[in-house]
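Chain naming here is simple, since letters A, B, ... match the order of the sequence lines and numbering starts at 1 in each.
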Amino acid sequence: MQRRSFFAGAATAVAAASVSRVALAALPEPASQSSAETAAPLVPPNGRPYRPVVTLNGWTTPWRMNHGVKEFHLVAEPVVREVAPGFSVNMWGYNGQSPGPTIEVVEGDRVRIFVTNRLPEHTTIHWHGQRLPNGMDGVGGLTQPHIAPGKTFVYDFVARRPGTFMYHPHADEMTQMAMGMMGLWITHPKAAHPLIANVDRDYAFLLSAYDVEPGAMTPRVNEMTDFNIWTFNSRVFPAISPLVAKQGDRVRMRVGNLTMTNHPIHIHGHEFEVTGTDGGPVPKTARWPEVTTDVAVGQMRQMEFIADELGDWAMHCHKSHHTMGAMGHDVPTMIGVDHRGLVSKIQKIVPDYMVMGERGMGDMGAMEMPLPDNTFPMMTGTGPFGPLEMGGMFTTLKVRAQLGASDYRDPGWFKHPQGTVAQEWTGAPPDSTAPRQTAPGTAPRAPSVRKPGTDGGHGSHH
Amino acid sequence: MRRLSVLAAALVLAGCASVSPDGLRGDVQEQTQSRLPKDAQLPSANSNAEADEQKRIGEWLQKPVDQDTAVRIALLNNPDLQVQLASLAVEDAERAQALTLFNPTLTLGRFTNAHEIEFERELAFGLVNIITLPWRSRWLGWQMERSTLQASQNVLTLAADTRRAWLRAVAAEQALIANEKMNDAAQLGAELARRMAAVGNFNRLQQARELSIAQESAAQLARARLNATLEREQLARLMGLWGTQTAFELPKQLPAIPKSASELRAGDDAEATALRERLDLRALRRDLDVTADRGGWSRVGAVFGDIGVTYSNNRAKDRESGHVEKTRGWELELPLPIFDWGGSASARTRAEVQRSAAQLQSAALRARSEARTNWSRYRTAWDLAHQQQAEVLPLAKQVQDETMLRYNGMFDSVWQLLAQARTTTQVVVNATNAQRDFWIAETDLQLALTGTSPGGIAPFAATTSNSNNNESGGH
Ligand SMILES: [Cu+2]
């Protein structure tokens, strides 16, 4: 499991000093981050105060105040992202990470963002969801020239509208987003807002998907639909930090989707309301309770709920193959196939052979078999009761009675009160003589040689 | 008195032309010894030794027959070689016969007329026959040497053929075992596919596809089995084995190839070695010697034909007087070269010398080229075999291992795993074949450098030999 060390955000932001300081003399020093741990929220040191967000397995970039303007410096560059321990992917990102750092500002802030391109090709940044002058919208060729490799451009606008936004390239975006170029932008309201609640915990993450050949390191940028790595902030379960909350906390989740498909984000044990989109806060009259909300491609959703139920609650995308790691999409189904008499023969030819999948794929969660290098098992993660058989867009919401207000550390597994865990039935045994209706491979009313009372499995064929 | 001394000299020379007791096998053995495996022997001319030889062959066949032993057996046991060695002995006997002087002719006559009775006694010799005896003895000696060289080449060719057959037989057996493994993998895939279809996980098309792989594999196995049988038969044939003897065992594997290129034979002296060592070149050089030497004699023979010398001792008796009259004397019979002063004969000799020289030149050219090409083939065969050993096989193993890992991660199915196992086995077969080809190239190179042409003995050599035989027989 992941080691969760939280640390002060600004203090760990290390300068990337490989660009000439003279050349960048007039620019704010770009902060950089290489750890894939969740950084502690960045409490604003200056400017208008706000309650900062926690970026799952990410961080918020510090800024420089320059005559009342918040100046940021983003550096677009190749990075290596630890998607899970032992599984690293060559990506393109910003300031040492993919996704890039979260930018947090306050409604009405004048913002100046310097963007230095250290990629091998040109880029731009589009500020998804912002109201801004057309020439700051970052669409290469349409509203501005591309930022050539080695060049620095500056964007300058006012964060006019509070809400949850994203930034991403609008130049060769199919490649650049497939390589992980994206980041979150949060504009906090400058004052109390009737539609924006104060929350105790504010989590933010982006959904992204990659296609990495097992054993390779670089995503296949030409893939259009058949992705195999499904991530929150370019991390897969069990390497995604849990969302923790003190019992009774109001919790907000901000989710943005930069994959090529929709994701029904689902939470257990609680119901939430979608309180905002990238279009702004949702009128109260338009909200309804949900346990799953679909986040379509290119959309953002703000969900809010009261974490009042103690426990370790699953929180995940409800497309089941999005909670799996890489697997062969053409591997035939082996369920129910009789392997008797064949295994030892196959082992004579392929000594390390083991039967897999003849009872389903649940075994995969428990088996520890050698895989190609740099390949994360497709179903992994172990909970207090056994293998979780998950990988990808999955994490947990951990609600605890005792938790410090700024404590985001993983509190460990939930200790269930006596008698509140499902358990094996120890009463009267089930009626074991009930026959199966049909044997596999046989139509329901097809003639059968099966004797009543026997299990209709493959045993009866031989 | 002088005439007696000529006669005596001729008789002494004739006495020298005795038949070699072992049919020249010792000479052949001597020529080939250094080019054959240690202790390799030709069958003895003495038929009493045969039982002993068969016993030795029987002992060799108890153990798996290695390459050198195969050659030893073939040399002792190959019937074609025995035919050739016997022919050599026949030729040797013919030579001895050719050098025996023709018996002098004794002509006795009794003639009577009214008053005389005449007894005529003539002893006639073909003089040229006697005069040319030393020459002929020398040529025929050279010719036998040449025939011996020819037979030696046959021995070496047989040894090389046996080596190649052995290499092919062992490789074919290895390929057969690999094919059995490939077929096992294919049959397993088909059986698993059948079970998949039985529980509804495969449709008929998917099952049929796996089944067709198994069928193709079974056919390939049958071909591999036939090939192993044919190669083995070829080897048995060369070793002259039949009956229960053909149940001999072969080693499971070909000998390893040299580990590094530095252990290979260098190519820079290949041409010189071939020119120095090759037996076919020596044979042709002998041809040239003989043709050139015969130049002088052919003129004498052609101009004068046979010079007959006749000694007459006649006795005539007068019937009436009883007076006896004896006449003694020489008679020399000399054809007159009026129409042919030997011009055509010497032209022929000149042409023959030219032909011999050209043949030698051509063979030398061929030997040089064969030395170069066979060295290149040998060197390339090693590069290829070494690449198989050092690069291709490890890579195939890696692919197999990675496929196994991909199977573990459910990225690949068991059918892909089995297919990869089949591919890997095919790579092993290819590597074995490359190893075999290296040793075959090595055999060819040895033959090209020290024996004869690996492509077979040049046909013109046989023609030359025949024409010489015919001519010498003519006189
Ligand atoms: Cu999803």
Worksheet item: Is there a side-chain contact between B/M404 and A/V350 (heavy atoms, below 4.5 Å)?
Response: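 A side-chain contact exists here, since the closest heavy-atom pair is under 4.5 Å.
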
Worksheet item: Does some side-chain heavy atom of A/P332 sit less than 4.5 Å from a side-chain heavy atom of B/M196?
Response: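 A side-chain contact under 4.5 Å exists here.
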
For [X], is it the side chain, the backbone, both, or neither that has a heavy atom closer than 4.5 Å to a heavy atom of chain B?
X	result
A/M356	both
A/M334	both
A/P377	neither
A/H339	both

Worksheet item: What do you reckon, is CG of A/D226 surrounded by more than 12 foreign heavy atoms closer than 6.0 Å?
Response: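 Atom CG in A/D226 is crowded, with more than 12 foreign heavy atoms closer than 6.0 Å.
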
Worksheet item: Considering residues, nucleotides and ligands other than B/D383, do more than 12 of their heavy atoms fall under 6.0 Å from its CG?
Response: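 Correct, the count exceeds 12.
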
Practice prompt. Select, from A/N228, A/L342, A/D330, A/T333, the one with the greatest count of heavy-atom pairs under 4.5 Å involving chain B.
Written response: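 Among A/N228, A/L342, A/D330, A/T333, the one with the most close pairs to chain B is A/L342.
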
Practice prompt. Sort B/Q420 into side chain, backbone, both or neither according to what part of it lies under 4.5 angstrom from a heavy atom of chain A.
Written response: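 Looking at B/Q420, nothing touches chain A.
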
Worksheet entry | Side chain, backbone, both or neither of B/D412 within contact of chain A (heavy atoms, under 4.5 Å) |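 Interface part for B/D412: backbone (N, CA, C, O).
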
Fill in: Between B/D401, B/L188, B/T403, B/L405, the one whose heavy-atom pairs under 4.5 Å with chain A are most numerous
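Going by pairs under 4.5 Å, I would pick B/L405.
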
[atom1]/[X] to [atom2]/[Y] distance, rounded to the nearest 0.5 angstrom?
X	Y	atom1	atom2	answer
A/D352	B/Y407	CG	OH	11.5 Å
B/L418	A/Y353	CG	OH	7.5 Å
A/D338	B/R195	CG	CZ	4.5 Å
B/T425	A/I349	OG1	CD1	7.5 Å

Worksheet item: So, the side chain of B/N408 versus the backbone of A/L371: is there a donor-acceptor pair under 3.5 Å, distance only?
Response: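 Absent.
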
Worksheet entry | Closest contact, heavy atoms only, A/A326 versus B/F411 |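 Closest approach of A/A326 to B/F411, heavy atoms only: O-CE2, 3.0 Å.
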
